[in-house]
Amino acid sequence: MADLKERLLPPKPASAINLRDSSYRPSASGRQPFQSVDVLGLKKRGQGVRSWIRVDSSGNSQIIEVDKFTMMRRCDLPARDLRLLDPLFVYPSTILGREKAIVVNLEQIRCIITAGEVLLLNSLDSYVLHYVVELQRRLTTPGVGEVWQSEGAELNRRRSRNFDSVFGNTSPDYLPFEFRALEVALEAACTFLDSQAAELEIEAYPLLDELTSKISTLNLERVRRLKSRLVALTRRVQKVRDEIEQLMDDDGDMAEMYLTEKKSRMESSFYGDQSLMGFRSNDGGTSISAPVSPVSSPPDPRKLEKSLSIARSRHESMRSTESATENIEELEMLLEAYFVVIDSTLNKLTSLKEYIDDTEDFINIQLDNVRNQLIQFELLLTTATFVVAIFGVVAGIFGMNFAIPLFDDEGAFKWVLIITGVTGVIIFSAFVWFFKYRRLMPL
């Protein structure tokens, strides 16, 4: 991985590059390492030039410097789609299917996928490096993807017929280049989110158990930060899940993402037009001296050309409809697999959030219990204060300045204290019995 990071460092100026340097030697796997190359005719426009990692359908990778406008013309993309890949802005996860490219913004993976190459923003993030390595490994695996190499419409149809005759149907493992690149991007994003969810789970459960055993300000603050991270991660996972679900629900968007098939149809249409133009030129050369009647119907070659054009358009329409339906099913199965993965991650986060909510409910119940105990103690204290106040009333009555025969009795004071104390105990016992009768205090 350290070797790969060194090769992905920003390239040196063209004057400082030594093409005979040892870093330009082929790697042990036979592929050329990332090389810093200058695009011909490229005009650097200040900060508009960015470094991109280009991976072609053969697994070869290199670093190119392309400005925004060149990239727009190269991939036929509007400027707003390129803003989704700008690292200076924070956009939610998005997968957009365009005429000639697929724009992917999934967590750290920000790339443009075409029918023959993948363009990633040059980043030293470990997940981007893993994406490049994994994509190269899958593209260079022998026996995978050879069916979908775009070497002409005839060759594609011949290979498809050969595999159909051998296996009876095209296997979902033989996906076109753009689907394999999209699959690696989905796998990297799902793996990244799932690893973050797992780390959050490992940190959350011991902390919540500690909080239930000891409620303190420090533990409450740690749980608050944990819940903030959980909400942010859940929002990101939910956005990826919604994006995949939206693609699965829209057949038009899935058909738009099949770039290899569209490229093959365009090439076959181009070759068909070329053949018709050649037929028209040959026919014009042979019939230039033939007399033309202004009243008669169009000549036979024009009728033949018209009928050929109609038949070819009908054939291409039927073939594109059948292939689109089949490819939509392939892409739908691919998206469904990762939809299950991201939905499982979302279920983990939902379970963790429910556990946090249950812990909060348990803590609230504990606090309510303590509060109820304090209220009960306050009620007993108020009752005792009322009983003690009876002694104050008796003392106030006997403290008045008037003469009565009771003051002359030596044992009167003792009897006054006994009668007042017994009365207070009876009143206090009556209050306690009333509280228990009304279930204001536990029995």
Donor-acceptor pairs under 3.5 Å, side chain of residues 82-91 to any protein atom, not counting sequence neighbours: which ones?
from	atom 1	to	atom 2	distance (Å)
Asp86	OD1	Arg50	NH2	3.2
Asp86	OD1	Leu88	N	3.0

> How would you list, by chain and number, every residue that makes a ring pair (Phe, Tyr, Trp, His ring centres under 6.0 Å) with Phe434, sequence neighbours excluded?
Replying inline: none
> What residues, two or more places apart in sequence or in another chain, satisfy ring pair (Phe, Tyr, Trp, His ring centres under 6.0 Å) together with Phe431?
Replying inline: Phe386
>> How close do Ser51 and Ile63 get, counting heavy atoms only, and between which atoms?
In response: OG-CG2, 3.2 Å
> Is it true that a side-chain atom of Ser61 and a backbone atom of Gly59 form a donor plus acceptor pair closer than 3.5 Å?
Replying inline: no
> For the side chain to side chain contact (heavy atoms under 4.5 Å, CB included) test, which of Leu182, Leu175, Leu247 pairs with Leu331?
Replying inline: Leu182
>> On a heavy-atom basis, which atom in Asp56 and which in Leu139 lie closest, and how many Å separate them?
In response: O-CD1, 3.3 Å
N/O donor-acceptor pairs under 3.5 Å from side chains in residues 248-255, not counting sequence neighbours:
from	atom 1	to	atom 2	distance (Å)
Asp250	OD1	Gly252	N	3.0
Asp250	OD1	Asp253	N	3.4

> So, for Leu335 and Ile244, which heavy atoms are closest and what is the spacing to 0.1 Å?
Replying inline: O-CG2, 3.5 Å
> Would you find a donor on one side and an acceptor on the other, under 3.5 Å apart, between the side chain of Thr70 and the backbone of Val66?
Replying inline: no
> Sub-3.5 Å donor-acceptor pair from the side chain of Tyr131 to the main-chain atoms of Ala181, do we have one?
Replying inline: yes
> Any donor and acceptor pair, going by atom type alone, linking the side chain of Asn60 with main-chain N or O of Val55 inside 3.5 Å?
Replying inline: no
> So, does Ser344 use its side chain to make a donor-acceptor pair with the main chain of Val340 at under 3.5 Å?
Replying inline: no
> What residues form a side chain to side chain donor-acceptor pair (under 3.5 Å) with Ser93, not counting sequence neighbours?
Replying inline: none
>> Treating Lys348 as the side-chain partner and Ala198 as the backbone partner, does any N or O pair qualify as donor plus acceptor under 3.5 Å?
In response: no
>> Restricting to side-chain contact (heavy atoms from CB on, under 4.5 Å), what partner residues turn up for Cys190, sequence neighbours left out?
In response: Tyr338, Val341, Ile342
> Which residues satisfy the side chain to side chain donor-acceptor pair (under 3.5 Å) test with Arg80, sequence neighbours excluded?
Replying inline: none
>> Going by the rule side chain to side chain donor-acceptor pair (under 3.5 Å), which residues pair with Glu221 if we only count those two or more places apart in sequence or in a different chain?
In response: Arg224, Arg225
> Under 3.5 Å, side chain of Asn347 to main-chain N/O of Asp343, donor-acceptor pair present?
Replying inline: yes
>> List the residues meeting side chain to side chain donor-acceptor pair (under 3.5 Å) with Arg236, not counting sequence neighbours, and say none if there are none.
In response: Glu107, Gln196
> Any sub-3.5 Å donor-acceptor pair from Glu178's side-chain atoms to Leu259's backbone N or O?
Replying inline: yes
> For the side chain of Asn364 and the backbone of Glu360, is there at least one donor-acceptor N/O pair under 3.5 Å apart?
Replying inline: yes
>> Can you list everything that forms a side-chain contact (heavy atoms from CB on, under 4.5 Å) with Glu134? Sequence neighbours excluded, please.
In response: Arg137, Arg138, Val184
> For the residue pair Phe177 and Ser57, what are the closest heavy atoms and their distance?
Replying inline: CE1-CA, 3.5 Å
> Of all residues at least two apart in sequence or in a different chain, which pass the ring pair (Phe, Tyr, Trp, His ring centres under 6.0 Å) check with Tyr205?
Replying inline: Tyr355
>> Tell me the closest heavy-atom pair linking Cys111 and Leu120, and the distance in Å.
In response: CB-CG, 3.6 Å
>> Holding to ring pair (Phe, Tyr, Trp, His ring centres under 6.0 Å), I want the full list of residues that pass it with Phe362, two or more places apart in sequence or in another chain.
In response: none
>> Please find the pair of heavy atoms, one from Ile109 and one from Ala185, that lie closest to each other, and give the distance.
In response: CG2-CB, 4.0 Å
